[in-house]
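Everything below concerns the one structure shown next.
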Amino acid sequence: MSNVPELFGSLVFNQKVMKDRLPKETFKALKKTLDDGVPLQLDVANVVAHSMKEWAIEKGATHYAHWFQPLTGITAEKHDSFINPQDDGTVIMSFSGKELVKGEPDASSFPSGGHRATFEARGYTVWDPTSYPFIKEHTLCIPTAFCSYTGEALDKKTPLLRSMEVLDQQAKRILKLFGKNVKRVVPTVGAEQEYFIVDHNLWAQRKDLRMTGRTLFGAKPPKGQEMDDQYFAALNPRIVKYMEELNEVLWKYGIYSKTEHNEVAPAQHEMAPIFSTTNISVDQNQLTMEVMKKVAKRQGLECLLHEKPFAGVNGSGKHNNWSMTTSDGENLLEPGKTPESNAQFLLFLTAILKAVDENQDLLRITVASAGNDHRLGANEAPPAIISVYLGDELFKILESIKDGKPYATDKQAKMTIGVDVLPSIPKDSTDRNRTSPFAFTGNKFEFRSAGSSLSIAGPNTTLDAIVAYVLKEFADELEKADDFEVALNALIVREVKAHWRIVFNGNGYDESWREEAHKRGLLELKTTPDAVAHYLDEKNIKLFTETEVYTKEEMESHYEIKLEKYAQILNIEVQTMLEMINKDILPAAYKYMAAVSKTVIDLKAVVPGAKAHAETSLLSKLDSLVDSLAQKAEALASKHAEAKIKSDVMAVARTYADEVIPLMNETRAVADEIEPLLGEEYKPFPVYEDLLFRI
Ligand code: ADP
Ligand code: MG
């Protein structure tokens with residue numbers, strides 16, 4: 001690969017480019033917008049736009065696009081060329097400040113959850129200057145937020161920025177109590193992205209992969225992931241080549257792709273970037289997913305981002321590493337070295353415990369999707385129950401605080417916050433509890449429930465909002481206190497006690513944890529409809545409206561959209577399943593049965609006394625399986641028809657979750673019994689062994 005530092009960010013209009021190319025005054029004004037959130041003036045925008053256009057044209061761009069994240073969860077872009085026709089029949093390439101800061105895509109084709117009639121479908125996009133513009137395939141992409149003219153957010157970025165704002169305000173109030181005046185507090189995120197790579201030609205032969213992103217059929221191969229020989233194994237040459245190009249492209253986009261390795265499952269891999277400010281991480285993760293798919297296609301491969309592409313093989317998640325950093329560079333989740341910073345750390349930690357405990361439902365909802373439902377609680381990903389893992393050391397510290405007991409045997413003093421020095425809390429990398437949905441990992445929390453294809457905007461908006469909400473309560477209380485230290489101690493002890501049930505350091509895959517969790521009164525929301533049913537609970541509306549992260553109307557539309565999307569996915573899955581049964585699986589079985597039958601007839605003609613036991617028993621086995629498959633398919637089709645005509649979205653989703661999915665599983669089980677019985681050349685499509693091991 002060529003010079004990496006030179007390559008890095010070469011397609012990005014970043015601060016270095018801005019500094020190099022913008023007039024000093026303009027750069028200074030823009031920097032104020034970037035650092036302090038001061039609104040951008042139009043005259044400044046005009047200069048920036050001009051310089052951006054010149055830079056983009058030098059890099060081969062002909063178009064620009066406002067790049068935004070509608071509620072579909074993927075990114076959208078509307079391309080316009082820089083061409084500006086002149087009177088004399090020529091064109092000039094132009095780009096104004098107005099075009100940079102604001103765009104007007106037609107909003108009617110994006111989901112709004114029935115909230116906005118098509119005739120008022122007017123929305124506009126606004127530049128988020130804190131996320132750098134970049135060039136993608138001859139287009140200058142400008143990261144933007146997408147709102148309606150009535151001020152409602154039509155996208156995922158707007159609420160995310162609002163949540164960052166409220167977290168900033170409330171965290172600063174807390175820091176002030178500790179005598180710190182910082183300019184800004186930003187949440188930081190590093191999103192580890194898991195994915196599968198399969199051969200393109202094999203992929204193309206499977207309708208389910210093409211239509212739904214996952215296999216709807218497939219018997220377990222003789223070798224699965226039980227050998228554990230794939231994790232960190234030497235990479236296959238095609239994968240090496242893939243990762244090389246992936247890194248190169250990501251680096252050009254200024255994405256700090258840092259680690260890459262095989263995952264536990266065959267054909268599964270992971271890319272972890274270095275963390276950055278949340279809105280940038282969100283944009284970069286969206287871009288990463290797009291690049292992953294494109295690079296794979298270019299190399300005759302396919303990148304699967306579905307949460308569960310293969311039954312019986314680990315699914316893919318996205319670990320959302322989250323913390324908060326001040327503009328002075330202090331990580332607020334770094335355990336402190338002095339009594340004061342310990343107390344501050346413990347207060348933020350307590351706020352997070354309380355926020356997670358009180359909003360288990362919101363955290364579960366924010367990762368709910370048809371795909372992720374296959375993963376959560378399947379003994380490979382965190383359970384559908386939300387709990388917090390603290391690691392041994394921190395667990396013991398908080399336990400001693402809660403119980404008012406001495407912390408360690410050698411240290412007789414009772415733990416009084418703000419007075420004792422915390423022992424250094426090791427980043428325990430050996431005993432990382434992989435089964436916990438929300439784990440403290442030394443200086444950040446890792447929210448592990450997100451699915452691989454999900455936009456992390458939602459989970460981070462929720463995280464920022466729930467933590468900000470609690471920080472506000474804490475600040476309200478502590479600002480009024482006469483003696484800060486006494487009040488702080490009392491608050492921490494009280495809240496740790498109150499929310500201790502959310503702390504769980506054990507094995508989340510253990511069946512006994514489910515029982516224990518139920519006893520503790522923790523929620524177990526197994527399916528998307530189970531989870532989404534809580535979204536509009538009064539508590540949640542109060543939290544999001546008071547923090548001004550979502551309006552009630554926005555929440556109502558999210559509720560509809562989440563359920564609609566769930567139903568749409570299942571609708572496609574069922575239809576694909578039925579088509580594959582009728583067009584691929586049954587015909588393949590009939591063909592094979594015909595061939596075997598003919599063998600029997602021919603054999604008997606040649607050898608009159610031949611018994612043909614094996615052949616006839618195979619035929620009768622196939623006959624009954626084929627019969628059973630046809631019946632199951634029919635039952636599935638009629639239940640599906642029933643689900644579709646329900647008038648209420650929740651009722652539709654419920655029918656899919658409770659009745660259609662179990663039928664899909666039963667149907668699949670029969671097909672998976674047929675598959676290994678068919679002769680190699682009668683296989684209707686590539687099987688698991690091909691997909692997972694032939695690369
Ligand atoms: P792991 O053992 O899980 O790979 P790492 O410490 O390497 O853990 O970090 C995993 C991810 O967490 C990386 O994407 C990293 O950039 C991110 N990360 C590290 N520190 C922070 C932080 N303060 N805020 C957010 N993410 C962070
Ligand atoms: Mg991790």
Side-chain angles (χ1 to χ4, degrees), residues 163 167 187-192 194 275 278 281 317-324 331-333 335 345-346 348-368 372 375-395 398 425 427-429 431-451 454 456 458-471 495-496 498-510 513-514 516-517 520-526 531 534 543:
S163 76
L167 185 67
T188 51
V189 165
E192 301 165 60
E194 289 182 332
F275 71 95
T278 305
S281 300
K318 182 140 56 190
H319 291 173
N320 192 83
N321 295 273
W322 180 91
S323 188
M324 294 166 280
N331 177 352
L332 297 178
L333 294 182
F345 165 72
L346 287 173
F348 280 107
L349 185 69
T350 306
I352 292 169
L353 287 186
K354 181 174 162 76
V356 174
D357 186 29
E358 287 179 347
N359 300 288
Q360 300 158 44
D361 53 350
L362 285 178
L363 288 171
R364 174 65 183 89
I365 292 163
T366 198
V367 297
N372 212 21
R375 217 182 125 246
L376 297 180
N379 281 12
E380 53 165 85
I385 304 162
I386 301 287
S387 64
V388 178
Y389 168 83
L390 291 176
D392 287 344
E393 195 81 42
L394 203 51
F395 182 90
L398 286 198
I425 295 162
K427 272 200 209 177
D428 48 15
S429 44
D431 140 78
R432 283 283 173 87
N433 184 334
R434 298 271 162 202
T435 68
S436 173
F438 204 83
F440 184 70
T441 52
N443 59 0
K444 61 187 185 291
F445 271 99
E446 190 168 337
F447 182 29
R448 302 214 183 93
S449 308
L454 188 75
I456 50 166
N460 286 299
T461 304
T462 300
L463 262 173
D464 297 350
I466 64 175
V467 172
Y469 188 78
V470 174
L471 291 178
E495 296 295 345
V496 170
H499 299 289
W500 190 244
R501 65 170 186 170
I502 198 71
V503 177
F504 176 63
N505 264 14
N507 181 0
Y509 295 172
D510 222 0
W513 166 232
R514 289 187 54 215
E516 164 72 17
R520 294 190 189 184
L522 299 180
L523 287 172
E524 182 177 19
L525 302 169
K526 285 194 177 153
H534 287 275
L543 187 144

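Note that the numbering runs from 1 along the sequence shown for the chain. Bear in mind that the values here come from a model prediction, so they are computed numbers and not experimental data.
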Stepwise side-chain contact (heavy atoms from CB on, under 4.5 Å) check, Leu471 with Phe348:
CA-CA 8 Å; Leu471 291 178; Phe348 280 107; 3.8 Å; yes
Trp322 side chain near Leu333 side chain, heavy-atom distance below 4.5 Å:
yes
Rounded to the nearest 0.5 angstrom, the CD-CZ distance for Glu446 and Phe438 is 10.5 Å
Side-chain H-bond candidate by donor/acceptor type, His534 with Asp361, under 3.5 Å:
no
For side-chain contact (heavy atoms from CB on, under 4.5 Å), just list the numbers for Phe447 and Val356, CA-CA rounded to whole Å, side-chain angles, deciding distance to a tenth of an Å, and then say yes or no.
CA-CA 11 Å; Phe447 182 29; Val356 174; over 6 Å; no
Rounded to the nearest 0.5 Å, what separation is found between the CG atom of Asn505 and the OG atom of Ser387?
9.0 Å
Could you tell me which non-hydrogen atom of Ala465 sits nearest to which non-hydrogen atom of Ser163, and how far apart they are?
N-CB, 4.2 Å
Do Pro459 and Leu454 have side chains that approach each other closer than 4.5 Å (heavy atoms only, starting at C-beta)?
yes
What pair of heavy atoms forms the shortest contact from Ile386 to Pro437, and how long is it?
CA-CG, 3.9 Å
Return the CD to OG1 distance between Glu495 and Thr350, rounded to the nearest 0.5 Å.
8.0 Å
Does Lys444 offer a backbone N or O that forms a donor-acceptor pair with the side chain of Asn321 under 3.5 Å?
no
Evaluate the side-chain proximity of Phe445 to Leu349: yes if any heavy-atom separation is below 4.5 Å, no if none is.
yes
Taking every heavy atom of Tyr389 against every heavy atom of Ser436, the minimum-distance pair comes out as CB-OG, 3.2 Å
Compute whether any side-chain donor of one residue and acceptor of the other, for Asn460 and Thr278, lie under 3.5 angstrom apart.
no
Would you say that Ile456 contacts Lys318 through its side chain, given a criterion of any heavy-atom pair below 4.5 Å between the two side chains?
yes
I'd like to know if the side chain of Asn372 reaches the main chain of Val367, judged simply by a donor and an acceptor atom lying under 3.5 Å from each other, with no hydrogens or angles considered.
yes
Does His499 form a side-chain contact (heavy atoms from CB on, under 4.5 Å) with Val388? I'd like the steps, not just the answer.
CA-CA 10 Å; His499 299 289; Val388 178; over 6 Å; no
Any heavy-atom pair between the side chains of Asn443 and Ser323 that's under 4.5 Å?
no
Within a strict 4.5 Å, meaning less than it, do heavy atoms of the Leu543 and Asn359 side chains meet?
yes
Minimal heavy-atom distance between Arg364 and Ala531, with the atoms involved, is CG-CB, 3.9 Å
For the residue pair Trp500 / Asp357, report whether a side-chain donor-acceptor contact shorter than 3.5 Å exists.
no
Shortest non-hydrogen pair, Thr435 vs Pro383, comes out as O-CD, 3.3 Å
What orientation do Trp513 and Phe504 show, parallel under 30°, tilted 30 to 60°, or perpendicular over 60°?
parallel
Gap between atom OG1 of Thr441 and atom CZ of Arg448 - 0.5 Å precision:
7.0 Å
From His319 NE2 over to Glu192 CD, what is the distance, rounded to the nearest 0.5 angstrom?
6.0 Å
Can Thr462 and Ile365 be said to form a side-chain contact (heavy atoms from CB on, under 4.5 Å), step by step?
CA-CA 10 Å; Thr462 300; Ile365 292 163; over 6 Å; no
If you look at every heavy atom in Arg375 and Pro382, which pair is closest and at what distance?
NH2-CD, 4.1 Å
Could you grab the distance from atom CG of Leu522 to atom CZ of Arg501, nearest 0.5 Å is fine?
5.5 Å
